[in-house]
Protein chains: 2
Amino acid sequence: MMPLAHKPNSQRIVAAVRDALGSPTEPLLLHGPVFAGNEWRYLKDCIDTSNVSSSGSYVTEFENRLAQYTGAAHVIATVNGTTALHLALMLAGTDRDTEVLLPSLTFVATANAVAHCGAIPHFCDVENRTMGMDAGKLADHLQSMAERRKDGCYNRRTGRRIAAIVPMHTFGHPVDLDPLLELSRRWNVPVVEDAAESLGSSYHGRHTGTFGKIGILSFNGNKVVTTGGGGAILTNDDELGQHAKHLATTAKVPHPWEFVHDETGYNYTMPSLNAALGCAQMEQLPGFLDHKRKLAQLYIKALSGLEAEGVTVFAEPPGCVSNYWLNALVLDSADEKVRDELLGALNDAHLQCRPIWRPMHMLSMYADCPRMDMAVTESLAARVINLPSSANLLDPARNGGRTAPGKAL
Amino acid sequence: MMPLAHKPNSQRIVAAVRDALGSPTEPLLLHGPVFAGNEWRYLKDCIDTSNVSSSGSYVTEFENRLAQYTGAAHVIATVNGTTALHLALMLAGTDRDTEVLLPSLTFVATANAVAHCGAIPHFCDVENRTMGMDAGKLADHLQSMAERRKDGCYNRRTGRRIAAIVPMHTFGHPVDLDPLLELSRRWNVPVVEDAAESLGSSYHGRHTGTFGKIGILSFNGNKVVTTGGGGAILTNDDELGQHAKHLATTAKVPHPWEFVHDETGYNYTMPSLNAALGCAQMEQLPGFLDHKRKLAQLYIKALSGLEAEGVTVFAEPPGCVSNYWLNALVLDSADEKVRDELLGALNDAHLQCRPIWRPMHMLSMYADCPRMDMAVTESLAARVINLPSSANLLDPARNGGRTAPGKAL
């Protein structure tokens with residue numbers, strides 16, 4: 001933690017943020033959806049053709065569009081990102097009473113999906129540069145506690161198999177994947193990529209979510225592209241891709257009329273109604289990403305003069321393209337009181353802002369899980385504030401991202 | 001099994017079914033959705049007000065309408081019926097390595113939801129009168145293998161706790177609940193009601209799904225009312241109702257900006273987009289039910305002259321009102337060849353018909369689960385054929401229930 005020059009001046013920071021946003025006259029949400037394309041048309045078509053359920057044709061169309069966009073060979077659209085991650089972890093070999101390595105600094109769904117497998121989250125620290133898993137620290141940690149056996153990698157302390165490494169791309173900024181993939185090979189533990197926040201983000205030119213054995217996306221209402229609620233599994237492995245689709249659709253064996261299922265499956269397929277929304281949103285994704293990049297640049301520029309206030313705007317790591325899902329202020333001071341004063345000032349100015357998530361190892365249900373030292377995670381948890389980041393904030397006629405339509409400040 | 005007079009004449013049966021349907025000129029689905037109300041209006045409103053995700057206002061509205069209709073004190077709308085049953089079972093006390101009593105004659109989701117809890121399905125036989133759990137046979141079975149202890153009921157043979165009894169209302173026909181509720185009290189095992197198929201069905205004047213400790217509904221694309229994909233948890237227990245909502249929404253503790261979660265939760269809440277469809281469908285439910293009742297009466301009448309062919313149409317049990325979700329032919333002969341010949345003839349006549357589900361104890365993944373004698377289940381499995389049952393089949397201008405719009409025979 002750097003020594004603090006002086007307490008940040010909240011009003012100067014609020015003024016700079018408002019300036020970047022062109023001095024908005026209405027309240028701004030942290031992240032609202034933008035529906036400016038074919039959303040109506042496709043939804044009406046769903047109703048007119050009775051094409052609303054998980055067997056509907058928009059599901060395949062949405063999966064195809066995602067495959068084309070991300071470059072993944074197989075895409076399986078699911079009811080949400082949590083269920084996608086649950087299934088992806090199982091397919092990668094996560095069983096009851098295994099352990100899964102994941103960042104403590106993440107949305108709770110990452111840890112919950114591990115618990116839904118009956119497995120135990122094993123928390124890792126992150127690095128300041130990406131806010132994602134610190135591969136160097138993980139290398140040391142594995143050296144200190146792990147053991148490679150014929151049937152996999154084991155935690156010598158707990159005796160449990162380590163089933164997966166789950167990097168997460170925080171706010172859309174790609175984690176440094178190369179050294180994590182190297183650890184995956186060295187220790188024979190598959191990477192399951194949590195790309196819930198990073199549709200549109202790439203690492204050395206390749207889309208996030210396509211590097212591990214399997215990966216996932218989310219299309220929740222607050223994401224870059226939304227389907228109301230939704231997610232997707234991505235994989236380049238043909239067998240895993242086919243198995244994922246089978247398990248997501250109750251493991252039903254194809255037959256014109258018989259109901260035979262050959263393993264314990266799930267009802268995880270996205271309905272066509274939601275996929276129709278997703279198709280309309282995918283058509284607008286390039287425009288959304290351009291807009292969000294411009295907004296990030298404006299935030300970075302507007303706040304660049306305030307380094308003396310002990311605050312910077314987080315920028316994409318080198319070699320990466322971020323979707324800038326959520327912009328983030330990072331304070332020098334790891335003092336929650338300082339952070340909360342600034343949060344109060346921003347929210348009082350009708351800018352919906354939030355701190356980063358409470359780290360997983362600090363939540364009651366995961367407090368006793370195995371973990372490494374958490375110095376960076378705990379510091380960032382007290383220093384990060386997310387700023388309004390909807391994909392239409394620079395559009396004077398914006399139709400989304402507002403707290404209440406037409407409500408003036 | 002009754003002695004077979006002679007082999008049913010498939011063509012006479014097909015002719016009677018076509019006659020009941022007014023000699024349709026286009027192919028008929030087993031069960032297609034009907035969108036003849038405010039569906040498009042409410043979906044458009046979702047887009048216009050950016051109200052699509054699980055935090056949207058249609059979720060509460062749909063839950064309120066379901067509560068009013070069913071009489072349940074608490075309704076929690078979920079992404080589908082399987083996830084609703086998973087959560088309902090957990091809330092009723094189903095843990096890892098417990099056993100759950102359920103009918104073998106059910107859609108696979110009932111057994112899967114038990115397995116998703118890490119629990120073991122324990123299969124029960126059904127009775128001919130309701131096609132639902134046979135309480136008399138269950139009473140004998142419990143007597144033979146169960147033991148009441150201070151902390152619950154145990155299977156003496158396996159040593160596992162019996163966590164729940166899960167009756168399922170087959171095709172919308174209410175199971176005989178009173179003797180099952182009596183067994184629940186006597187053995188101290190809660191009833192979790194799988195009412196996935198029985199929205200609109202009542203038992204002695206009270207809506208199905210509201211008798212047990214907790215119950216569930218489904219709104220899949222093939223159900224009486226659809227939300228694309230969706231389900232709901234019903235309960236009259238305030239604590240369970242609040243806990244269900246909390247667990248379905250990632251167990252987040254309310255706070256204006258902090259992300260704190262106090263237990264391992266799920267992302268199971270229905271998105272507003274799907275709930276909007278559900279609100280429009282609920283407005284049409286009384287009409288759907290009237291229509292389906294008329295269709296059932298026509299089937300019963302048209303086939304009443306064919307008892308000599310060894311075939312009858314299943315009618316609601318006494319004291320019950322069925323939603324007649326799926327009409328069913330019941331053959332006297334438990335010969336799959338006879339059934340499949342008739343199935344072939346019906347499908348050749350462009351009437352989409354299916355046998356009942358393969359019983360759970362005959363599926364590979366559940367073949368080794370504990371169970372009782374399955375005489376009635378195995379007999380019905382070879383004797384039941386579902387008939388086209390959409391809620392607009394008697395409407396000459398029907399806009400749903402067809403294989404392809406406008407396609408003539």
Side-chain angles (χ1 to χ4, degrees), chain A residues 32-33 35 39-40 43-44 46-47 49-50 52-56 79-83 96 107-109 112 115-116 118 220-222 226-229 250-252 256-267 269-274 277 343 347 353-355 357-358 363-365 400 405, chain B residues 32-33 35 39-40 43-44 47 49-50 52-56 79-83 96 107-109 111-112 115-116 118 220-222 226-229 250-252 256-267 269-274 277 343 347 353-355 357-358 363-365 400 405:
Chain A
F35 301 122
E39 284 84 0
W40 286 354
L43 287 177
K44 185 155 190 314
C46 281
I47 299 301
T49 60
S50 294
V52 298
S53 77
S54 56
S55 61
V79 288
N80 51 53
T82 310
T83 50
R96 262 194 193 196
F107 178 59
V108 72
N112 286 346
H116 298 163
N220 193 8
N222 64 348
T226 188
T227 59
T250 72
K252 187 175 181 298
W257 57 52
E258 285 269 16
F259 277 82
V260 177
H261 311 256
D262 61 2
E263 55 185 319
T264 298
Y266 294 82
N267 186 358
T269 306
M270 179 183 285
S272 196
L273 187 73
N274 305 80
L277 199 67
L343 267 171
N347 281 285
C353 294
R354 288 192 193 149
W357 318 281
R358 176 85 50 100
L363 297 179
S364 56
M365 66 283 195
Chain B
F35 301 123
E39 285 83 1
W40 168 232
L43 287 177
K44 186 168 181 302
I47 300 302
T49 61
S50 293
V52 298
S53 77
S54 57
S55 60
V79 289
N80 50 54
T82 312
T83 51
R96 260 193 194 197
F107 178 59
V108 73
N112 286 347
H116 298 162
N220 193 9
N222 64 349
T226 188
T227 59
T250 73
K252 187 175 181 297
W257 57 53
E258 285 270 16
F259 277 82
V260 177
H261 311 256
D262 60 2
E263 56 185 317
T264 298
Y266 293 81
N267 186 359
T269 306
M270 179 182 285
S272 195
L273 186 73
N274 305 80
L277 199 67
L343 267 170
N347 281 285
C353 293
R354 288 191 192 150
W357 318 281
R358 177 85 50 100
L363 297 180
S364 56
M365 64 284 195

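These values consider heavy atoms only, across backbone and side chains, with no hydrogens, waters or symmetry-generated copies. Within every chain, numbering begins at 1; the chains are lettered A, B, ... in the order of the sequence lines, protein sequences first and strands thereafter.
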Quiz prompt | Inter-residue atom distance A/Trp40.CH2 - B/Ile47.CD1, 0.5 Å rounding | solution =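 If we round to the nearest 0.5 Å, A/Trp40:CH2 and B/Ile47:CD1 are 9.0 Å apart.
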
What I'd like to find out is whether the side chain of [X] reaches to under 4.5 Å of the side chain of [Y], using heavy atoms alone.
X: B/Asn347; Y: A/Trp257; answer: yes
X: B/Thr226; Y: A/Val52; answer: yes
X: B/Met365; Y: A/His261; answer: yes
X: B/Leu273; Y: A/Leu43; answer: yes
X: B/Trp357; Y: A/Glu258; answer: no

Most heavy-atom pairs under 4.5 angstrom with chain A, which of [options]?
options: B/Val260, B/Thr264, B/Asn222, B/Thr82; answer: B/Thr264
options: B/Leu363, B/Asn80, B/Val79; answer: B/Asn80
options: B/Ala109, B/Gly265, B/Gly229; answer: B/Gly265
options: B/His116, B/Glu263, B/Met270; answer: B/His116

Self-check item: Residue pair B/Thr83, A/Asn267: steps toward the side-chain contact (heavy atoms from CB on, under 4.5 Å) verdict
Solution: CA-CA 8 Å; B/Thr83 51; A/Asn267 186 358; over 6 Å; no

Exercise. Please flag which part of A/Leu277 lies under 4.5 Å from any non-hydrogen atom of chain B: side chain, backbone, both or neither.
Key: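 The side chain, not the backbone.
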
Practice problem: Could you tell me which portion of B/Tyr266 (side chain, backbone, both or neither) has an atom closer than 4.5 angstrom to a non-hydrogen atom of chain A? | Solution: both

Quiz item: Any idea which of A/Arg96, A/Lys252, A/Arg358 has the most non-hydrogen atom pairs under 4.5 angstrom with chain B?
Solution: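 So the answer, after comparing A/Arg96, A/Lys252, A/Arg358, is A/Arg96.
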
Quiz item: Which one, A/Gly221, A/Gly228, A/Pro271, leads in non-hydrogen pairs under 4.5 Å with chain B?
Solution: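 Most heavy-atom pairs within the cutoff with chain B belong to A/Gly228.
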
